[in-house]
Amino acid sequence: MARNITPRAEDYSQWYLDIIKAAELADYAPVRGCMVIRPTGYSLWESIQHHFDEAFKETGHVNAYFPLLIPNSFLEKEAEHVEGFAPECAVVTHAGGEVLEEPLVVRPTSETVIGHMYSKWIQSWRDLPILINQWANVMRWEKRPRLFLRTSEFLWQEGHTAHSSREEAMEETLKMLGVYARIMRDILALPVVEGEKTEGERFPGADNTYACETMMSDGKALQAGTSHFLGQNFARAFDIKFQNQNGDLEYAWTTSWGVSTRLIGAIIMTHSDDDGLVLPPRVAPVKAAILPIGTNEEKVASTLLPRALELSSELDRSLGGRCTVVDKQFYLRPGDRFFQHLQRGVPLRVELGEKDLAAGTARVVRRDSGEKMDIPLENLASRIPELLEDIQSGLFNRALDFRRQNTSVVSTYDEMKKVMEEKGGFVETWFAGTRDDEKKIKEETGATARCMPIDSPEEGPCFFTGKPGGRKVIFAKAY
RNA sequence: CGGGGCGUAGCGCAGUCUGGUAAGCGCGCCUGGUUCGGGACCAGGAGGUCGGAGGUUCAAAUCCUCUCGCCCCGACCA
């Protein structure tokens, strides 16, 4: 039992913060709402970045970088956009010792600058599509920050594409939603629901927003990624026009999509336990920690350490990349070293002691189950990858089971209220209500419409209004 | 921004109501030793002027005013 972590059942949000602290993922910065991502946390982010970036490249996207500062007037060009973001914008009014003629907004997102640039770059249908992504920081001044889930500055990736037809842009929007869902499931072991957002939850300036919704281990929903179909809204605002094959001028169709460091929060709240962080092997920067254990310095130096280093590089080769570490903290007692890796969520711990070597085995311990096994040295290189895959699928299945067990299907508002009061989790139902209805539901139950699952196109009677033609909707309390 | 709580050593806290050698405890850290396969033990140390500013007083961590910040709950969000 970890003595530095509040049990999850006792205080969920304290548990979450304790995990972050114990795993040394992040720390509070001197400026409220900002966080320092510590090396352990940043390496996790790099791993996440790596998997997403690779997928973006595979789908033909290229990376670029647009500036942090945006002329205030840009924000104002799209009415809904400015309305949505103005309240949370940080604005630079002074620079170079003078008051600026036009205030500069620290980007809360980059549709506007990118739209401005696209209008310069796009003239012909031959220039389309433009498929650009950028990895960047953005700032949205938050009233209630929480590490990784909501910080005033956060790191993310924003894809911005422009297309010559509505169909192609819509296809792109859904394609990237699918890419997100795939990586979240396969790599981050997060069971996600792909869905369309209701009007009230839409991105400011978008015609339509899609999202990957995931359930945390307290039953609350977390929006883990969004993909927006922007229609021609930004094209009109920024004059992104192209000449089509008939010689006519048309506005382009644009999309944008993003995932952020919030994913780290999702991973923590989906997989971790009362002992600390638990990481799915495929996204874990360190997949196995190898610990030579012994007090006889000579023996450690002559046999244990070399064997550990050898195993480490062998595993790095077979697993691809530098993903194992050899723990050389001999000044710590074994228990302290165990706990360190445990709390950082390292999927496997491989203990290599004198007793093990004498027996020709290594003691391997799983982070997810705590199971210990003695594996013959010659089998390690093949067994460890298998174990990692087993942990990976186990974590996903456990999370999926949890979501299923905490998803209730209801057909009346009374039922829904009862579920939200007694059980929480996701509520699945038919809904044909208005924005005001959503508001009322939120006021009375605390739950919001998370999304309309895209794999449930059928319609049914609205649980709230009784009207026919309701779409399948998931309601839940959300982060 | 509204409601609630809190700022004393790196962390967690006691002391504040009833001003006056109480700046103290636990963990952590440093040194030495014994230990060493799930968070050790003994001994000896280093470290804070009590969030900040002003005020009351012979005297303030303790009382008053202002201020900054943090945490939790609500309205808003990747």
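Any value given below was found using the heavy atoms of this structure, including those in side chains, with hydrogens, waters and symmetry copies removed. All chains are named by letter (A, B, ...) in the order of the sequence lines, taking the proteins before the strands, and each is independently numbered beginning at 1.
At a threshold of 4.0 Å, the pair A/R363-A/D356 does not count as salt-bridged, since none of the basic side-chain nitrogens sits closer than that to a carboxylate oxygen. Between A/D436 and A/K440 no salt bridge is recorded (no basic side-chain N to carboxylate O distance below 4.0 Å). With respect to the salt-bridge test (charged N to carboxylate O, under 4.0 angstrom), the residues A/R435 and A/E438 do not qualify. Taking a cutoff of 4.0 Å between a charged side-chain nitrogen and a carboxylate oxygen, A/D455 and A/K472 do not qualify as a salt bridge. Salt-bridge annotation for A/E142 and A/R144: absent, with no side-chain N of the basic residue lying under 4.0 Å from a carboxylate O of the acidic one.
Comparing B/U16 with B/A61, their C1' atoms are spaced 7 Å from each other, to the whole Å. The gap from the P atom of B/U8 to that of B/U49 amounts to 12 Å, rounded to the nearest Å. Rounded to whole Å, the separation between the P atoms of B/G20 and B/C50 comes to 16 Å. Taking the C1' atom of each, B/G48 and B/G10 are spaced 11 Å apart, rounded to whole Å. Using P as the reference atom, B/G47 and B/U65 are 36 Å apart when rounded to the nearest Å. Between B/C17 and B/C63, the two P atoms lie 5 Å apart (nearest whole Å). Rounded to the nearest Å, the gap between the C1' atom of B/C27 and that of B/C73 is 30 Å. The separation of B/G45 from B/A9, taken at their C1' atoms, amounts to 15 Å, rounded to a whole angstrom.
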Show each protein N/O and nucleotides 72-78 of chain B N/O combination with a separation under 3.5 Å, one pair to a line.
residue : atom : partner : partner atom : Å
B/C73   : OP2  : A/R144  : NH2          : 2.5
B/G74   : OP2  : A/R144  : NH1          : 3.4
B/C76   : OP2  : A/K442  : NZ           : 3.0
B/C77   : N3   : A/R150  : NH1          : 3.4
B/A78   : O3'  : A/Q223  : NE2          : 2.3
B/A78   : O3'  : A/R262  : NH1          : 3.3
B/A78   : N6   : A/T151  : N            : 2.9
B/A78   : N6   : A/T151  : O            : 2.8
B/A78   : N3   : A/S260  : OG           : 2.8

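Remark: B/G37 base-pairs with no nucleotide; criterion is Watson-Crick or G-U wobble with both hydrogen-bond distances under 3.5 Å. Partner assigned to B/C66 is B/G52, using Watson-Crick or G-U wobble distances below 3.5 angstrom. In this structure, B/G2 forms a base pair with B/C73, meeting either the Watson-Crick or the G-U wobble geometry with both donor-acceptor distances under 3.5 Å. For B/C25, the paired nucleotide is B/G12, the pair qualifying as Watson-Crick or G-U wobble because both relevant distances are below 3.5 Å. Of all nucleotides present, only B/U31 satisfies the Watson-Crick or G-U wobble test against B/A43, with each distance under 3.5 Å. Using Watson-Crick or G-U wobble geometry with both donor-acceptor distances under 3.5 Å, B/U57 finds no partner in any strand shown.
Distance A/D18 CG to B/G12 C1': 11 Å, rounded to the nearest Å. A straight line from CZ of A/F339 to P of B/C27 spans 17 Å, rounded to a whole angstrom. Straight-line distance from the CD atom of A/Q343 to the P atom of B/G28: 14 Å, rounded to whole Å. For the pair A/R333 CZ and B/G37 P, the interatomic distance rounds to 8 Å; values are reported in whole Å. Atom-to-atom, NZ of A/K355 to C1' of B/C36 comes out at 10 Å; the value is rounded to the nearest Å. Taking atom CZ of residue A/R363 and atom C1' of nucleotide B/G38, one finds them 11 Å apart after rounding to whole Å. Rounded to whole Å, atom P of B/U31 lies 12 Å from atom OH of A/Y331. In this structure, CD1 of A/I293 is placed 15 Å from C1' of B/U35, rounded to the nearest angstrom.
You won't find any donor-acceptor pair under 3.5 Å spanning the side chain of A/D336 and the base of B/G38, going by distance alone. At a cut-off of 3.5 angstrom, the base of B/G38 holds at least one donor-acceptor pair with the side chain of A/R349.
A cation-pi arrangement is absent between A/R450 and A/F475, since the terminal nitrogen or guanidinium carbon is not both under 6.0 Å from the aromatic centre and inside a 45° cone about the axis.
Stacking between A/F338 and the base of B/G38 is absent under the criterion of ring centres within 5.5 Å and planes under 30 degrees.
Applying the side chain to side chain donor-acceptor pair (under 3.5 Å) test between A/T6 and each of A/D18, A/D274, A/D11 identifies A/D18 as the sole match.
Within 6.0 Å of NZ on A/K423 lie more than 12 heavy atoms contributed by other residues, nucleotides or ligands.
Among the atoms of the strands shown, none is found under 4.0 Å from any heavy atom of A/L291. Note on A/K21: only backbone sugar-phosphate atoms sit closer than 4.0 angstrom, heavy atoms only; bases stay farther off. Among the atoms of the strands shown, base atoms are found under 4.0 Å from some heavy atom of A/E354.
With A/S47 contributing its side chain and A/S43 its backbone, the two residues share no donor-acceptor pair below 3.5 Å.
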